[in-house]
Structure formats: C-alpha cells, structure tokens
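A short worksheet on the structure shown next.
Chain identifiers are assigned alphabetically (A, B, ...) following the order of the sequence lines, protein sequences preceding nucleic acid strands; residue numbering begins at 1 within each chain. Fair warning: this is a prediction, and the values are worked out from it, not measured in the lab.
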There are 2 protein chains.
Amino acid sequence: MLDATRAALVELGWSKLTLGDVAARAGVAKTTLYRRWPGKSALVVDAVAVLFDELELPDRGSLAADVGGVVRSFAALLERPETATALMALVAESTRDPGLRDRIRTAVVDRQKRLVLEGRARAQARGELPPDADPVAAARQADLVFDVIAGAVVHRVLVSGEPADDAWVTAFTALLVAGLGALTPPG
Amino acid sequence: MLDATRAALVELGWSKLTLGDVAARAGVAKTTLYRRWPGKSALVVDAVAVLFDELELPDRGSLAADVGGVVRSFAALLERPETATALMALVAESTRDPGLRDRIRTAVVDRQKRLVLEGRARAQARGELPPDADPVAAARQADLVFDVIAGAVVHRVLVSGEPADDAWVTAFTALLVAGLGALTPPG
DNA sequence: GTGTTACGCTACGAGCCGTAGCGGAACGGC
DNA sequence: GCCGTTCCGCTACGGCTCGTAGCGTAACAC
C-alpha cells in the first residue's frame with residue numbers, strides 16, 4: 001500500500017495523486033484506503049515516513065564531518081521526487097490542520113532531530129562543544145541548529161532549486177561549524 | 001482579484017481554495033480568471049508576490065542588526081496565514097512544473113535575495129565583511145547565506161511550528177554572524 | 001457453528017475543473 | 001452615425017474526483 005503510494009507520488013506528484021489511483025496500483029479497493037486512513041494527507045505521511053528511517057549518522061570522527069554527512073544524506077532524500085513533492089505539500093496542509101502537524105512531527109521531524117541530538121552529544125564527548133550548562137538552553141540550541149540545517153538544505157534544494165553538491169555542503173558545514181565554534185568558547 | 005484570492009486563502013487555505021470561490025468573492029466571472037491566469041498556481045503566485053514588496057531593509061547600523069531585521073520581517077510575513085499555506089503549496093507544485101518554478105523565482109525568491117545582497121554590500125562598506133575577491137565565490141556565498149536565512153526561518157515557523165520570537169532571532173543572528181566572522185578573516 | 005473483523009465490489013450524490021458558446025458594453029477610426 | 005475589436009459576464013456542459021453506503025464473502029476465534 002505505502003509502496004503504491006510512493007510510486008504514485010513519483011509518477012503523478014502530490015496534486016494529481018488520487019486515492020483511486022493508489023488503490024488500483026496496490027490491487028486494493030478504494031474503500032480499504034478510506035478505512036485505514038482518514039484522507040490523502042495521512043496516507044502520504046505514513047508512506048513518506050519510512051523513508052526517513054534510512055537516515056543514520058555514523059561517527060565520522062569530527063563535528064564537521066558529521067554535519068557534512070547528515071546534510072548529504074538529507075539532501076539525497078530530498079532530491080528523490082517522492083519526498084520533495086510530498087513534504088512541501090504536507091507542510092502546506094499542516095498549516096490548517098493541527099492533527100496533521102502532529103503526525104508529521106512524530107513521523108518525520110522527530111526522526112531528523114534525533115540525528116542532531118546524536119551528533120551534538122558526540123561533539124561534546126569529543127570536546128568540540130562545551131557540555132550542557134543549562135538543559136533548557138541546550139534544548140534551545142539544538143532546536144536552532146536543527147532548524148538551520150534542515151531549513152538550509154530544504155531551501156537550497158527545493159526553493160533555490162540547485163543541488164546540494166560537494167562545494168555547497170562543505171561551504172555550509174564550514175559556516176555552521178565556525179559559528180558554533182566562535183559562539184560557545186567565551187559563553 | 002488578487003485581494004479576493006488572498007482573502008480566500010486566509011479563509012479556506014490552499015487545498016480547499018477553488019477558482020469559483022475566488023470569482024464569486026471578486027464579483028467576477030470564473031471565465032475571466034481563466035482568461036488571465038492559466039490556473040490556480042499562477043493566480044496565487046501573483047496574489048502572494050505583492051506581499052513581498054513590503055519587505056525592506058533599513059540600515060540598522062550593524063550586520064547583526066540588519067540580519068535580525070530581515071529575519072524578523074520575513075518571519076512576520078510567514079506567520080500570516082495566507083503566505084504560510086500558499087508558499088509551501090506552491091513550492092510543492094513547482095517540483096513538477098518548471099514554468100511555475102520560474103514564476104516563483106522571479107516573483108518571490110529574487111525579491112528576498114535582493115535584501116541579502118543589499119545587507120552584504122552594506123556590511124562590506126562598514127568593514128564587517130571583507131570585500132569580494134572572486135565574484136563567483138561572492139555570489140556563491142551570498143546564495144549560501146540566503147538559503148541559510150530563509151530556510152531557517154521557514155523551517156522554524158512552518159515545520160517546527162514555533163514562533164520566531166526575539167530569543168530565537170537573536171540566537172540565530174548570533175550564530176550566523178559569528179560564523180561569517182570566524183570564517184572570513186583568515187580566508 | 002456462530003460472532004467478529006476485515007476486505008472487495010458497485011453505485012451513488014456532490015463538488016470542482018476547465019472550456020465552449022452566446023450576448024452585451026466600451027472604445028476607437030473614419 | 002457606423003463598424004470592428006476587445007473585453008467581459010453568464011450559462012451550460014462533460015469529465016473527473018471525492019467520500020460514503022450497501023451488500024456479499026473470506027478468515028479467524030472459541
């Protein structure tokens with residue numbers, strides 16, 4: 001079912017995707033889809049969410065290398081046509097649907113944020129970042145870094161429409177790591 | 001016409017917005033809309049584009065203050081319900097429609113990027129940033145900064161779903177300015 | 001043997017899309 | 001005063017999608 005949804009997303013995109021189509025591809029009655037999911041948005045959330053499971057963050061030895069790695073893998077995910085068209089449409093829908101917003105958060109956003117927390121803890125263990133003084137300040141900084149990384153990649157790939165190639169990834173990583181390094185030693 | 005489109009966006013959101021609705025609100029026949037715009041997407045692009053004209057960048061005296069200013073005004077624009085639901089949906093559509101992508105670029109993206117170029121030139125005049133050595137490298141850095149700023153704000157407001165309040169703006173500005181400052185003096 | 005659950009299939013009213021066809025109003029040239 | 005052009009409003013239409021209702025059936029539990 002979710003496979004059929006992703007296939008339909010690749011071929012038709014979000015706007016022209018119909019539940020009748022998905023049902024036909026999956027060899028399933030349209031009724032069954034409506035019995036399991038309340039609508040198009042919820043179905044696509046589940047279909048796309050599994051793609052974010054493949055995001056991992058192996059230890060590459062330094063904060064800069066870890067940031068570069070997560071940026072690269074996230075960009076690779078966004079350059080797949082299914083995720084690109086679906087993610088933006090879902091975010092647009094979630095603007096007017098709090099329930100959908102929660103689904104997206106638990107199914108997609110939290111899975112990415114986990115990587116940031118992981119890389120951050122690793123950098124602290126290496127001594128590249130100072131340990132947490134205040135836990136709420138630490139959470140705020142993690143959220144900030146997450147928004148910067150994910151936002152920049154999304155904007156580069158989907159809005160500016162240019163690839164996140166090696167040159168861009170290294171430049172962005174350098175900027176972010178330099179900012180973190182310059183900001184935290186004194187404070 | 002565009003006023004009616006924005007009003008319908010506020011009330012219905014992107015997905016439930018119909019051209020018949022817009023026509024009724026504008027006191028105009030549905031045919032007229034189709035005579036002027038090829039479809040829903042193009043109409044909404046024009047309706048939203050004018051909102052980006054109010055973005056300006058007064059000289060606030062320092063690079064940090066200028067960045068904070070543009071972040072604040074951009075965030076205020078994104079927190080309006082019309083722009084939030086429309087922008088993301090348009091980006092989603094543009095992944096499958098190169099023509100729409102160009103419309104968005106000229107009508108929305110370029111208007112924002114202008115601010116970045118302006119602030120950058122101003123910071124160079126103040127001596128806060130080094131002058132351009134290589135023009136293509138300068139353009140690349142400007143694009144990078146633009147993606148970081150716009151992407152972070154969009155992600156914060158629309159994906160994370162939390163407001164870009166003063167605390168966040170100052171933290172983000174500090175991170176970005178520190179990164180720019182730490183990166184460029186040696187190079 | 002029976003209740004429960006889940007599914008497939010058909011059919012339906014409702015709504016929107018995008019277009020065609022027709023008639024009317026404004027404007028300009030002469 | 002006459003006529004061509006252009007723009008608009010209005011109605012109507014075929015086609016498509018939505019989401020639901022109704023009915024029959026297969027698997028499973030006990």
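Between B:Glu11 and B:Arg25, some side-chain heavy-atom pair lies under the 4.5 Å cut-off. The shortest side-chain heavy-atom distance between A:Lys40 and A:Leu17 falls under the 4.5 Å cut-off. Within the 4.5 Å cutoff, no side-chain heavy atoms of B:Asp97 are placed close to those of B:Arg101.
Whole-Å rounding puts the B:Arg35 CZ to C:dC22 C1' distance at 11 Å. Atom CE in B:Met1 sits roughly 13 Å away from atom P in D:dC7 (whole-Å rounding). Summarising the geometry, the separation between CG on A:Leu19 and C1' on D:dG19 is reported as 9 Å, rounded to the nearest angstrom. In this structure, CG of A:Leu33 is placed 10 Å from P of D:dC18, rounded to the nearest angstrom. Rounded to a whole Å, the CH2 atom of B:Trp14 is 14 Å from the C1' atom of C:dC16. Atom C1' of nucleotide D:dC18 and atom CG of A:Leu17 are separated by 13 Å, given to the nearest angstrom. Atom-to-atom, NZ of B:Lys16 to P of C:dC17 comes out at 14 Å; the value is rounded to the nearest Å. To the nearest angstrom, P of D:dT6 lies 15 Å from CZ of B:Arg36.
Nearest to the side-chain atoms of B:Lys30 among the listed nucleotides C:dC17, D:dG19, C:dT10 stands C:dC17. Counting only heavy atoms from C-beta on, A:Tyr34 has its side chain closest to D:dC18 among C:dC17, C:dA20, D:dC18.
If you check every strand for non-hydrogen atoms under 4.0 Å, A:Gly20 touches sugar and phosphate atoms only.
Comparing A:Thr31 and B:Lys40 along DNA chain C, the residue whose closest nucleotide (by nearest heavy atom) sits nearer the 5' end is A:Thr31.
The pair A:Asp147-A:Lys113 does not meet the salt-bridge criterion, since no charged nitrogen lies less than 4.0 angstrom from a carboxylate oxygen.
Taking only side-chain nitrogens and oxygens, A:Thr18 comes nearer than 4.0 Å to OP1 or OP2 of D:dC18.
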